[in-house]
Amino acid sequence: MKFGGTSVAGPEQIKRAAGRIVAAREAGNRVVAVLSARGKTTDELVEQAHEISPRPVAREMDMLLSTGERISCALCAMAIHDMGHEAISLTGSQAGIVTDSSHTKARIIDVRADRIRQALEQDRIVLVAGFQGVSTDSRDVTTLGRGGSDTTAVALAAALSAGVCEIYTDVRGVYSADPRIVPDARKLAQVSFEEMLEMAASGARVLQLRSVEYARNHGVRIHCRSSFEDGPGTLVVSEEETMEQPFVTAVTHSDAEARVTLTGLRDEPGVAGRIFSALADANVNVDVIIQNEPVGDDQLADLSFTVDRDELSVAREVIDRLGDVSVAVKAEEQIGKVSVVGAGMRSHPGVAAKVFQTLGEQGINIEMISTSPIKISCVIAAGRVADAVQALHAAFELGDDAVRPEGAGGSDQTSTVAG
Ligand code: ADP
Ligand code: ASP
Ligand code: MG
């Protein structure tokens, strides 16, 4: 059972989470619960770091950020004790979460869950601090990237062969769009791994991308549900288990991206390789990439790519260090992206056309486009993201009140934001 930040924000919420954990135990399960930092704690810790240093040292950043989830676990263990059960809280390191040493976005490379197993044998409820681990190379505390508690939960579920990994959050499950932007978004009863991966990659932060990857690779059943009320939630299931393949399942968005544009690039073999190798070496994740063939007599090309806004300054430095590859470099901080995702679009022509037409009708300019077999993403002005999401959600009739064929499974009819 994993509880997100809003689900442990105040004392009442922590007690409520403790109550749910105890109920699961009393129903005969052995329970490991992963908790996130309370409310906005992680954001506040990041802010504190930046009040001290413009570019905080990554190792110390992880020491700082990992404290948030420890607080939640210790407090929740106290609440569980008061409910008459034995509980023990563990840091990621104590729980055996072993990672590589890339601070602030470490990858889990092993889970040595002996201590958890032992505690379970002793009839204890185990609380594990999410979002963190320890690098065996450096013996330092690491964190798993924003939203990383989801991945802690999935990794533990895999290591312990848990029956299910329940992700308790502040909405009722995975929706056809962020319910905070689209009030009539539809909760999906189930979603395939394939679609969930594309959704998480394109901004549906309800599950961290890596947690979905990890669950698919290790066959973990994810059940995403509300921590504030009982309900069926959303199951993430294998492709074979999905009941239907509508051509569009969800509209996702991100307003946390930035763009780097290199103009006057030498048009010769190896240039893009150099640029993107340098970015990869610096562990910068690149999303949409566009390069134009030179049209002018100077034979110089233009290249743009998007990155997480948090990584813009590192990306800039990497490019600057390359020196002579381009005439000029421009960095834009406010870039938005909207995507439509659906496994059925593989076999339905015309989805891209409808996306572009819908955005055009809204007067939204498309600045970059990228596609996968089951996703179409458009880079647009950050300020127009909400309009774009709403228009696309309506155009593809994804809303709760949309008329659907009789017996179409895969969704149910609850849609308000819980909590
Ligand atoms: P937690 O703290 O529980 O991990 P997050 O804030 O990380 O919660 O993720 C839950 C939030 O994800 C929701 O409050 C919602 O606004 C947002 N979200 C974005 N896209 C979706 C979507 N397609 N379905 C559900 N929630 C979404
Ligand atoms: N507390 C961390 C974050 O805010 C990890 C998580 O919530 O999953 O990103
Ligand atoms: Mg989260």
Side-chain angles (χ1 to χ4, degrees), residues 1-9 13 17 34-47 61-62 64-73 92 104-106 128-133 142-155 166-183 185-189 191 195-196 198-212 222 224-228 233-234 236 248-256 308 310 338-342 385-386 389 392-393 398 411 414-419:
M1 301 173 81
K2 177 261 174 178
F3 293 85
T6 321
S7 313
V8 291
Q13 285 90 332
V34 172
L35 304 189
S36 288
R38 306 175 78 191
K40 299 244 165 291
T41 302
T42 309
D43 290 334
E44 286 159 15
L45 292 170
V46 170
E47 221 175 277
M61 197 66 178
D62 278 350
L64 179 71
L65 296 187
S66 63
T67 60
E69 328 323 87
R70 294 174 62 159
I71 295 174
S72 305
C73 285
T104 73
K105 47 172 148 173
V128 177
F131 168 62
Q132 57 188 275
T142 53
T143 63
L144 308 179
R146 298 307 302 267
S149 297
D150 297 334
T151 304
T152 306
V154 169
E166 296 183 325
I167 307 277
Y168 288 88
T169 184
D170 56 3
V171 288
R172 288 179 177 152
V174 179
Y175 282 72
S176 55
D178 187 338
R180 290 177 203 284
I181 293 192
V182 181
R186 195 159 55 110
K187 187 181 70 64
L188 308 171
V191 60
E195 289 178 318
M196 196 61 233
E198 291 282 17
M199 286 175 68
S202 57
R205 71 174 195 280
V206 60
L207 292 172
Q208 195 202 30
L209 174 59
R210 277 188 188 166
S211 73
V212 187
I222 295 185
C224 182
R225 44 202 309 204
S226 165
S227 60
F228 301 109
T234 302
V236 185
V248 172
T249 299
V251 180
T252 55
H253 72 280
S254 160
D255 45 22
D308 269 1
D310 290 349
V338 62
S339 309
V340 298
V341 175
V385 165
V389 174
L392 289 169
H393 195 265
L398 300 179
S411 67
T414 45
S415 76
T416 39
V417 177

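When a ligand or atom number is given, it counts from 1 through the structure's own listing order. Below, all heavy atoms of this structure are taken into account, side chains as well, without hydrogens, waters or symmetry copies.
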* Asked: Judged by non-hydrogen atoms, does Ser7 sit under 4.0 Å from ligand 1?
  ->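 In this structure, Ser7 fails to qualify as a contact of ligand 1 - no heavy atom is under 4.0 Å.
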* Asked: Is it true that Gly173 lies under 4.0 Å from ligand 1, counting heavy atoms only?
  ->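 In this structure, Gly173 qualifies as a contact of ligand 1 - some heavy atom is under 4.0 Å.
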Distance filter under 4.0 Å to [X] heavy atoms, resulting ligand 1 atoms:
X	answer
Val174	24 (N)
Ala177	22 (C), 23 (N)
Tyr175	22 (C), 23 (N), 24 (N), 25 (C)

Results of side chain to side chain contact (heavy atoms under 4.5 Å, CB included) for [X] - residues two or more places apart only:
X	value
Thr249	Leu188, Glu195, Pro246
Arg146	Thr42, Asp43, Val46
Glu166	Met1, Val164, Tyr168, His223, Arg225

* Asked: If you round to the nearest 0.5 Å, how far is OG1 of Thr234 from CZ of Arg172?
  ->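 If I round to the nearest 0.5 Å, the distance is 11.5 Å.
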* Test item: side-chain donor near acceptor, Asp62 and Thr143, under 3.5 Å ->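 Side-chain D/A pair, Asp62 to Thr143: present.
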* To do: Apply salt bridge (Lys or Arg N to Asp or Glu O under 4.0 Å) to Arg205 and Asp150, showing your working.
  => CA-CA 10 Å; Arg205 71 174 195 280; Asp150 297 334; over 6 Å; no
Return yes if some donor-acceptor pair links the side-chain N/O of [X] with the main-chain N/O of [Y] below 3.5 Å, else return no.
X	Y	result
Glu198	Val341	no
Ser211	Val154	no
Glu69	Ala37	yes

* **Leu209, Val236, Ile222 screened by side chain to side chain contact (heavy atoms under 4.5 Å, CB included) with Met196, the one that passes** =>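 Going through Leu209, Val236, Ile222 one by one, the side chain to side chain contact (heavy atoms under 4.5 Å, CB included) with Met196 is satisfied by Val236 alone.
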* **Taking every non-hydrogen atom, the tightest pair across Gly130 and Val34** =>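 Scanning both residues completely, I find the closest heavy atoms to be CA-CG1, 3.6 Å.
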Is any N or O atom of [X], backbone or side chain, closer than 3.5 Å to an N or O atom of ligand 1?
X	answer
Gly5	yes
Thr169	yes
Lys2	yes
Asp150	no

* Considering Val8, Thr6, Asp170, which one's heavy-atom position lies nearest to atom 10 (C) of ligand 1? ->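 Comparing heavy atoms across Val8, Thr6, Asp170, the nearest one to atom 10 (C) of ligand 1 lies in Asp170.
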* Does Ala185 approach ligand 1 within less than 4.0 angstrom via side chain, backbone, both or neither, non-hydrogen atoms only? ->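 Near ligand 1, Ala185 shows nothing, with every heavy atom at 4.0 Å or more.
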* For ligand 1, the portion of Arg205 having any non-hydrogen atom under 4.0 Å away ->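 The answer is both, backbone and side chain.
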* Asked: Got more than 12 heavy atoms from elsewhere within 6.0 Å of CZ, Arg38?
  ->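 Atom CZ in Arg38 is crowded, with more than 12 foreign heavy atoms closer than 6.0 Å.
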* Mind jotting down which protein residues get a heavy-atom contact under 4.0 Å with ligand 2? Chain and number order, please. =>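 Residues Ser36, Ala37, Thr42, Glu69, Phe131, Arg146, Gly147, Gly148, Ser149 each place a heavy atom under 4.0 Å from ligand 2, listed by chain and number.
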